[in-house]
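Report on the following structure.
In listed order, ligands and their atoms are each counted from 1.
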Amino acid sequence: MKIKKASKVTGIIHSPGDKSISHRVALISALSNGENIIENFLISDDTLRTLACLEELGVDIELSEKLKIKGRGFKNFQKPNSTLYAGNSGTTIRLLSGILAGQNFNSEITGDDSLRRRPMMRIIKPLRMMGAKIEATGNGTAPLKIYAVENLNSIEYELEFPSAQVKSCIIFAGLHAEGKTKIIEKIQTRDHTERLLGLKVSSENGKKIIEVEPGIKIENKYYLIPGDISSSAFFIVAASIIPNSYVVVKNVSLNPTRTGFIDVLRKMGAVIELENVREVANEQLGDVIVKSGKEINLKNLTLSGDLIPSIIDEIPVLAIAGTVAEGVFEVRDAGDLRNKESDRIKAIVSNLRNMGVDVEEYDDGFSFEGRKKLKGTLIQTFNDHRIAMAFSIAGLIAEGETVIDDPECVKISFPNFYEILKNIQS
Ligand code: S3P
């Protein structure tokens, strides 16, 4: 894929369905006792993996214009005939393991080369505390072997570090446990699972407490999935860093645990407005409007601490915004970026260096001086969808031609990314 410098980006964008919410709605629907109708479900490689795994577990799924999932209720899945395959999807393997841990049959789940490198002890530890029988490789990675248990026990567990996937895994296991499970979260992470399940949430000494009652009745429902704000972030950044741009992203999720990057861009000086903000099924959504003037006058910041979980997926594209802004752009406390679909710190640092930016790399982040003219080059995506999309946006501001080595990998979360990019740039 070749990307050329753009003079502006303009247009109205309908972002695909939110990836995190799509995975969760599929899993929750499978645990309900009737037919669920789901509109704007994200059709991408990752979310299709969740559906395929559920089908292997005997769940009836029909995918046409809308998605239909017929739930089987608790502890009523069928033993799969073969190893479940989560592909590239950390959300599939980590959330589904919470459900598999509570079943009365053995199962095995694995993924592609990237997923088999990612750490699984973070879910294995709390699941074992609940009485789950689960084994990984000697490195604590997939394939995971999960053995039948009669029952899981409830736990009180403080998350060791902020991860919505770990939290959600324990919530799903807690639904299959005896007694009330309590999860304590020091730093907020995306809260779609607790919202969708309507769990009791409170706060104590500045920490969030999530309570999971076992076997709650999950109603069959109609779901409307809002657009994905993380996918929209690529265009929101593009319109913030290219002069004379105007972009509207319609009906996108504005859940406050996901919109940290909008706050960051606004602090940097970008002009971003929210319109038609409303609540549907316990989630906020609305339209995002981004405008830029004749000149781009953004200022750089340090991104660190409790802010990191709310911008974790947007750091690659925020780094691209950092290259046009004045001052030092710095990311710290983000070591978990090395455990994503690729080592994202390495991927950002090496590609920015190849585009001519003098980047300092740290264990937990990176920094560089902004106001740097990027030069087009060959971008190595490391098979990581968000690296491909972030550096495609870099290509819009770079001199000369930018070539993305593996554009196909955007199918993981955003199959029509390049079609939209082509339509809005001039
Ligand atoms: C996700 C949580 C985050 C995020 C990932 C999706 C989710 O991962 O990076 O893209 O849907 O729960 P962690 O929980 O590992 O931080």
What protein heavy atom is closest to [atom], reported as residue, atom name and distance in Å?
{"atom": "atom 14 (O) of ligand 1", "value": "S163 OG, 2.7 Å"}
{"atom": "atom 12 (O) of ligand 1", "value": "R24 NH2, 2.6 Å"}
{"atom": "atom 1 (C) of ligand 1", "value": "Q165 NE2, 3.6 Å"}
{"atom": "atom 8 (O) of ligand 1", "value": "K340 NZ, 3.1 Å"}
{"atom": "atom 10 (O) of ligand 1", "value": "D313 OD2, 2.8 Å"}

side-chain hydrogen bond (donor to acceptor under 3.5 Å, both in side chains) between D405 and T381, intermediate numbers included:
CA-CA 6 Å; D405 72 348; T381 63; 3.1 Å; yes
If the test is side chain to side chain donor-acceptor pair (under 3.5 Å), which one of D313, D18, N255, T257 qualifies with R190?
D313
How long is the gap from CD1 on I170 to CD1 on I183, to the nearest 0.5 Å?
5.0 Å
Using 0.5 Å steps for rounding, measure from the CG atom of L421 to the CE atom of M389.
11.0 Å
Need the ligand 1 atom indices (1-based, order shown) with element for anything under 4.0 Å from a heavy-atom of T91.
6 (C), 7 (C), 11 (O)
Mark up the atoms of ligand 1 that fall under 4.0 Å of a heavy atom belonging to I312, in ascending order.
9 (O)
Where does H192 meet ligand 1, judged by heavy-atom distances below 4.0 Å: at the side chain, the backbone, both, or neither?
neither
For ligand 1, find out whether one of its N or O atoms is nearer than 3.5 Å to an N or O atom of A164.
yes
Please indicate whether any nitrogen or oxygen in R386 is less than 3.5 Å from any nitrogen or oxygen in ligand 1.
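No.
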When the ring centroid of H176 is compared with that of F74, is the distance short of 6.0 Å?
yes
Does F234 have its ring centroid less than 6.0 Å away from the ring centroid of F391?
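No; F391 has its ring centre 6.0 Å or more from that of F234.
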Would you call R49 and D112 a salt bridge, using N to O less than 4.0 angstrom?
no
